[in-house]
Number of protein chains: 2
Amino acid sequence: MADKPKKPQKLRARLPRGLADRGPAEIAATRAMVEKIREVYERYGFEPVETPAFEYTDALGKFLPDQDRPNEGVFSLQDDDEQWISLRYDLTAPLARYVAENFDALPKPYRSYRFGWVFRNEKPGPGRFRQFMQFDADTVGAPTAAADAEMCMMAADTMEALGIPRGSYVVKVNNRKVLDGVMESIGLGGEENAGRRLTVLRAIDKLDKFPIAEIEKLLGLGRWDGGEEGKGDFTKGAGLTAEQIQSLAAFLTYRPAQIVPLTGSDGVVEHKMKTVVLLENGETEFRDPNNEQTIANLMLLLPSHQLVEQGIGDLSAINEILQSCEYGDRVLVDPSVVRGLEYYTGPVYEVELLLDTKDEKGRPVRFGSVGGGGRYDGLVSRFRGEPVPATGFSIGVSRLQAALTLIGQLDNKPQPGPVVVTVFGGDIAGYQKMVATLRQAGIRAELYLGNPKHSLGQQMKYADKRNSPCAIIQGSDEKAQGIVQIKDLILGAELASLEKDRDEYLKKQAEAQFSCKEDELVAKVKDLLQRRGVVWQ
Amino acid sequence: MADKPKKPQKLRARLPRGLADRGPAEIAATRAMVEKIREVYERYGFEPVETPAFEYTDALGKFLPDQDRPNEGVFSLQDDDEQWISLRYDLTAPLARYVAENFDALPKPYRSYRFGWVFRNEKPGPGRFRQFMQFDADTVGAPTAAADAEMCMMAADTMEALGIPRGSYVVKVNNRKVLDGVMESIGLGGEENAGRRLTVLRAIDKLDKFPIAEIEKLLGLGRWDGGEEGKGDFTKGAGLTAEQIQSLAAFLTYRPAQIVPLTGSDGVVEHKMKTVVLLENGETEFRDPNNEQTIANLMLLLPSHQLVEQGIGDLSAINEILQSCEYGDRVLVDPSVVRGLEYYTGPVYEVELLLDTKDEKGRPVRFGSVGGGGRYDGLVSRFRGEPVPATGFSIGVSRLQAALTLIGQLDNKPQPGPVVVTVFGGDIAGYQKMVATLRQAGIRAELYLGNPKHSLGQQMKYADKRNSPCAIIQGSDEKAQGIVQIKDLILGAELASLEKDRDEYLKKQAEAQFSCKEDELVAKVKDLLQRRGVVWQ
């Protein structure tokens, strides 16, 4: 195989769209994040479980938002036995399969967490990947609002464990039942209206992105992308009447709670969650968030319907726990939260960062959602034929990592590199022995493994690129004397920027390269590492 | 969505073949392993890098063994733009693409490690999965034997870091050039014989599984699975002549070094690597492994050919470094090592565990290979059109984990569960507040989230199943008094097996459930955890 003839044309080295490689800083940051999230989840009594990347396509189900063609959004292929298998698009659908398969053996409620890559066969865009990491926790077999409240509190604790200060994030909670009840009350109930309900859901989900007038177009006949008729793409609307749209006032005109931008005296814009208070004169006022007030607003604004009442009842029960555990200032009821996934059946939650970032036109926008979840009482039942209540929460690790990098909570500094032992001429085995000795002492070290004829300059350039704290040099003269030279590359870099004081320069120069006996190598390198504060993590 | 009609038929919850779920003990064991491997690799100066699960199919290339049909062995699908993409089948081919794509920005030599799932679309079998974990290290841009020697030493250090004692594993090293040279010397050179060379390679790769006579059939006309003509499946042979087969004596008849079973005086069979010494009377003798002797044997037995000499030269250079660094007793030259992947061009290595396990018939067999690698000078060159020497090593994490479990080096004990706060009647918010207080004190705790009407018995059963150290109970009487009951479940379990001494029993019974004031809860639970030695990891 050593001497196969060269192929005439060379391959292009590139990744398929929407995929990315990750370097040391990103990997270290993810690892640190994952450990912190894990610590919180385990404190909450969740235990780890992992499922593989593939599932039977029918077991995953079709719950992704905005997927009109079958199989769109999912990577699927046919197995040898003709059955379709798909890469998981989230960590919830596989968990439902796992729980159903191991139902009798598992403790119930079954509290578990897992993290890993998920795959979406979607059009990639800026910050939108086809492979990304999620970190989920789920409680299966828990019917009450206490389980939902816990998820929200855990989300808040996780944000703070990751270094996001209180006030810079909000956990928003709502209930799908509320919206379902409203839709039934305006004649959108029943299987025959499932499609229209989904269109309404998605329109409301866009409340954060579009002004109300645009949302109303999506609820009515439809909306042209370009701003006016015939311009850009057309999105067909839900076809609601003006009266029906009016009934959605709680979500549109008043929005009992919402995130508003506040400009401080210093001109800095801050986003805060506020509760809207309806004044007696018919005007509204933003006040500090207050779940009881938000719930009272909802009751006032929403049509009377059994599902609406149930939904509001759940929200009240959740709020009672939040207040008792003192999370009422961070976990806030927001009726505009709907979540895109189709499988939710009750409370839904979303963690939003209030941090400012810039949009593509340089305008400040808030960072947005980094996780969410909700109750999905039907997902395990599909396999079991009996009701299995469940609720869960998912963190978008990749997205949250981008946010943490933005606020400087992640250390993106390169790690110090290894000690590099340089090579002169033949005695490779002798140099490798030096490296082995350093390694046995717990020091990260390596032999220069490029062409051994490379000059010292080339080898030092490599050591610099590796961010090495020091290099070891032994030419034939030193070898004959049984000594080695140690070159302090950290001090060396400082020297390069030092000019003023000649005496100082000469003193440091002497310090920056010194010799020692071969058998003192480990001790001298350890001294140097300590002197320069080199700590490998 | 809350009230969708139930589907008439329920789904079956099951995984596609060759895939597996993983529970807490397995996940913890993998994590511990990965950390230990990482520590060794970083000490050797390797830095992390990650590539995604998908690559363009042409970038991965077709290097899997035993794949005669195109695309067999790999999960592939067509992307939206009609291009074929595949899930990675190893971590080496993606690294080659990564290095080629980022060539100018990377330090050279580029030393990196990575671990993750790889996918093979193969027929699954016992212990053979379609998704498994590998942990790789590679040095790209390193042309000399020093890089190969380093890989072998690192493999040895990794085994010991994982708790596999010296003598229970061997790192075997060989050189593809040796075999390539032999094949050229017997007329199997050139592109037109590529297929036959591959057949020879695979036959020799089976030396560990079959007796020599069977290997000779595979080198000759072919072999019937069932032991005689017409019985079982037929594997077509390489079609070599008797004379050609004779020339492979070094690999067949003599095998200069090999692993042999040794029965001790206690009847226990141990496997050890031995060097074969050719005595003057033509007989052979097994001696303690000695790379110089093995290399001398090879020179004696192999036909003279330029590639053979180069190959032996590389092995000598590797051995010189091994001796200098004192790894000569663990990293041993074994000419029968070929490795299945097609892309190797020079030194190849394999880590084999000498531990005994049982085969399907209960006979002791050695555990076998848990990792390997080699030099692949052509893999990056495919993209670059210039020579890019590279060498790498891959650990089969999943397989090694099975081995470590076997020798008891992995802790498979279940972790202690969380403290469970039980629930009586209405005041869920109050119970959840207790849980929040425990969690804030760093204690793993949870509220019983099953149906709140479940009896105390049902809730205690749950706590037992969770392996909880204690349960917290507060009925309405206790609540009125501002106290809680703490039930010590570890002592409780001991009590159940204690009968003899009535006084002792009563004393322990009192200790196993006691009450305290609500505001003493954290301190009392902490005491109990310390008393029972509960440490969460």
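In what follows, every chain begins at residue 1, and chains take the letters A, B, ... in the order their sequences are listed. Here the structure is a predicted model, which means the values were calculated and not measured.
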Checklist line | Heavy-atom pairs under 4.5 Å with chain A, option from B:A445, B:G116, B:G189, B:A96 with the top count | finding: B:A445
Notebook entry, point to check: Quick one: of B:Q415, B:E150, B:R384, who has the most non-hydrogen atom pairs under 4.5 Å with chain A?
Noted result: B:E150
Item checked: Heavy-atom contact with chain A under 4.5 Å, split by part of B:L179 -> neither
Notebook entry, point to check: For atom CZ of B:R31, is the number of surrounding heavy atoms from other residues, nucleotides or ligands below 6.0 Å larger than 12?
Noted result: yes
Checklist line | Structural part of A:L438 lying under 4.5 Å from a heavy atom of chain B | finding: neither
Next item on the list: Tell me, for B:L447 versus chain A, whether the close heavy atoms (under 4.5 Å) come from the side chain, the backbone, both or neither.
Entry: both
Check: Can you check whether B:E55 reaches A:L19 side chain to side chain, under 4.5 Å on heavy atoms?
Finding: no
Next item on the list: Apply side-chain contact (heavy atoms from CB on, under 4.5 Å) to A:E47 and B:R466, showing your working.
Entry: CA-CA 10 Å; A:E47 65 172 40; B:R466 286 304 307 277; 4.1 Å; yes
Next item on the list: Kindly compute the distance separating CD1 (A:I27) from CD (B:E50), expressed to the nearest 0.5 Å.
Entry: 4.0 Å
Next item on the list: Counting only heavy atoms closer than 4.5 Å, note whether A:T51 contacts chain B via side chain, backbone, both or neither.
Entry: both
Margin query: Between A:R17 and B:D81, is there a side-chain heavy-atom distance shorter than 4.5 Å?
Written below: yes
Note to self: Please classify the contact between A:Q83 and chain B as side chain, backbone, both or neither, with a heavy-atom cut-off of under 4.5 Å.
What the structure shows: side chain
Item checked: Heavy-atom pairs under 4.5 Å with chain B, option from A:P452, A:A147, A:G430, A:S468 with the top count -> A:A147
Notebook entry, point to check: What part of A:E326 is in contact with chain B, defined as an atom under 4.5 angstrom from a non-hydrogen atom: side chain, backbone, both or neither?
Noted result: side chain
Notebook entry, point to check: For B:P109 and A:G450, which heavy atoms make the closest approach, and how far apart are they?
Noted result: CG-N, 3.1 Å
Next item on the list: Please state whether the side chain, the backbone, both or neither of A:R439 comes within less than 4.5 Å of a heavy atom of chain B.
Entry: both
Notebook entry, point to check: For the atom pair NZ (A:K108) and NZ (B:K461), what is the distance rounded to the nearest 0.5 Å?
Noted result: 10.5 Å
Note to self: Working note: A:R114 + B:D21, criterion salt bridge (charged side-chain N to carboxylate O under 4.0 Å, His left out); need CA distance, chi angles, decisive distance, verdict.
What the structure shows: CA-CA 11 Å; A:R114 71 220 72 90; B:D21 298 314; over 6 Å; no
Checklist line | Rounded distance (nearest 0.5 Å) linking atom NZ of A:K433 with atom CD of B:Q323 | finding: 11.5 Å
Next item on the list: With the side chain counted from C-beta on, respond yes when B:I85 and A:F75 share a heavy-atom pair under 4.5 Å apart, and no when they do not.
Entry: yes
Note to self: Between A:R130 (side chain only) and B:F54 (backbone N and O only), is there a donor and an acceptor less than 3.5 Å apart?
What the structure shows: no
Item checked: B:Y448, part contacting chain A, at a heavy-atom distance under 4.5 Å -> side chain
Check: Measuring heavy-atom distances to chain A, does B:A105 have an atom under 4.5 Å in its side chain, in its backbone, in both, or in neither?
Finding: backbone
Notebook entry, point to check: Between B:Q78 and chain A, which part of the residue has a heavy atom less than 4.5 Å away: side chain, backbone, both or neither?
Noted result: neither
Margin query: So which residue, A:A317, A:C325, A:G23, ends up with the most heavy-atom pairs under 4.5 Å with chain B?
Written below: A:C325
Notebook entry, point to check: In terms of heavy-atom proximity below 4.5 Å to chain B, should A:A53 be classed as side chain, backbone, both, or neither?
Noted result: both
Next item on the list: Check whether B:A146 gets within reach of chain A through its side chain, its backbone, both or neither, counting any heavy atom under 4.5 Å.
Entry: both
Check: When only pairs under 4.5 Å are counted, which of B:K465, B:R43, B:M434, B:E446 shares the most heavy-atom pairs with chain A?
Finding: B:R43
Check: Going by heavy atoms in the side chains, are B:N451 and A:T144 under 4.5 Å from each other?
Finding: no
Margin query: Heavy-atom pairs under 4.5 Å with chain A - which of B:G442, B:P389, B:S324 has more of them than the others?
Written below: B:S324
Margin query: If I take atom CD from residue B:Q432 and atom CG from residue A:L322, how far apart are they, to the nearest 0.5 angstrom?
Written below: 9.5 Å
Margin query: Quick check on B:Q131 against chain A: is it the side chain, the backbone, both or neither that has a heavy atom closer than 4.5 Å?
Written below: side chain
Notebook entry, point to check: Do you know which of B:V40, B:L77, B:D377 has the most heavy-atom pairs under 4.5 Å to chain A?
Noted result: B:L77
Item checked: Which of B:A100, B:G346, B:P143 touches chain A most, by non-hydrogen pairs under 4.5 Å -> B:P143
Next item on the list: Could you look at A:Y327 and say if it's the side chain, the backbone, both or neither that has a heavy atom under 4.5 Å from chain B?
Entry: side chain
Notebook entry, point to check: What are the two closest heavy atoms between B:R97 and A:A13, and how far apart are they?
Noted result: O-CB, 3.7 Å
Item checked: Top contributor to chain B contacts, counting heavy-atom pairs under 4.5 Å, from A:I443, A:T139, A:D79, A:I428 -> A:D79
Notebook entry, point to check: Do B:R111 and A:L449 come within less than 4.5 Å of each other through their side chains, counting heavy atoms only?
Noted result: yes
Item checked: A:F383 side, atom CZ; B:R14 side, atom CZ - distance, nearest 0.5 Å -> 8.5 Å
Notebook entry, point to check: With a 4.5 Å limit on heavy-atom distance, are the side chains of B:F46 and A:P418 in contact?
Noted result: no
Next item on the list: Taking all heavy atoms of B:P52 and all of A:A20, pick out the closest pair and write down the distance.
Entry: CD-O, 3.4 Å
Margin query: With a 4.5 angstrom heavy-atom cut-off, is it the side chain or the backbone of A:D58 that approaches chain B, or both, or neither?
Written below: both
Item checked: Region of A:A436 that comes under 4.5 Å of a non-hydrogen atom in chain B -> side chain
Margin query: Is A:M153 in contact with chain B via its backbone, its side chain, both, or neither, using a 4.5 Å heavy-atom distance?
Written below: side chain
Item checked: Portion of A:L15 that has a non-hydrogen atom of chain B nearer than 4.5 angstrom -> both
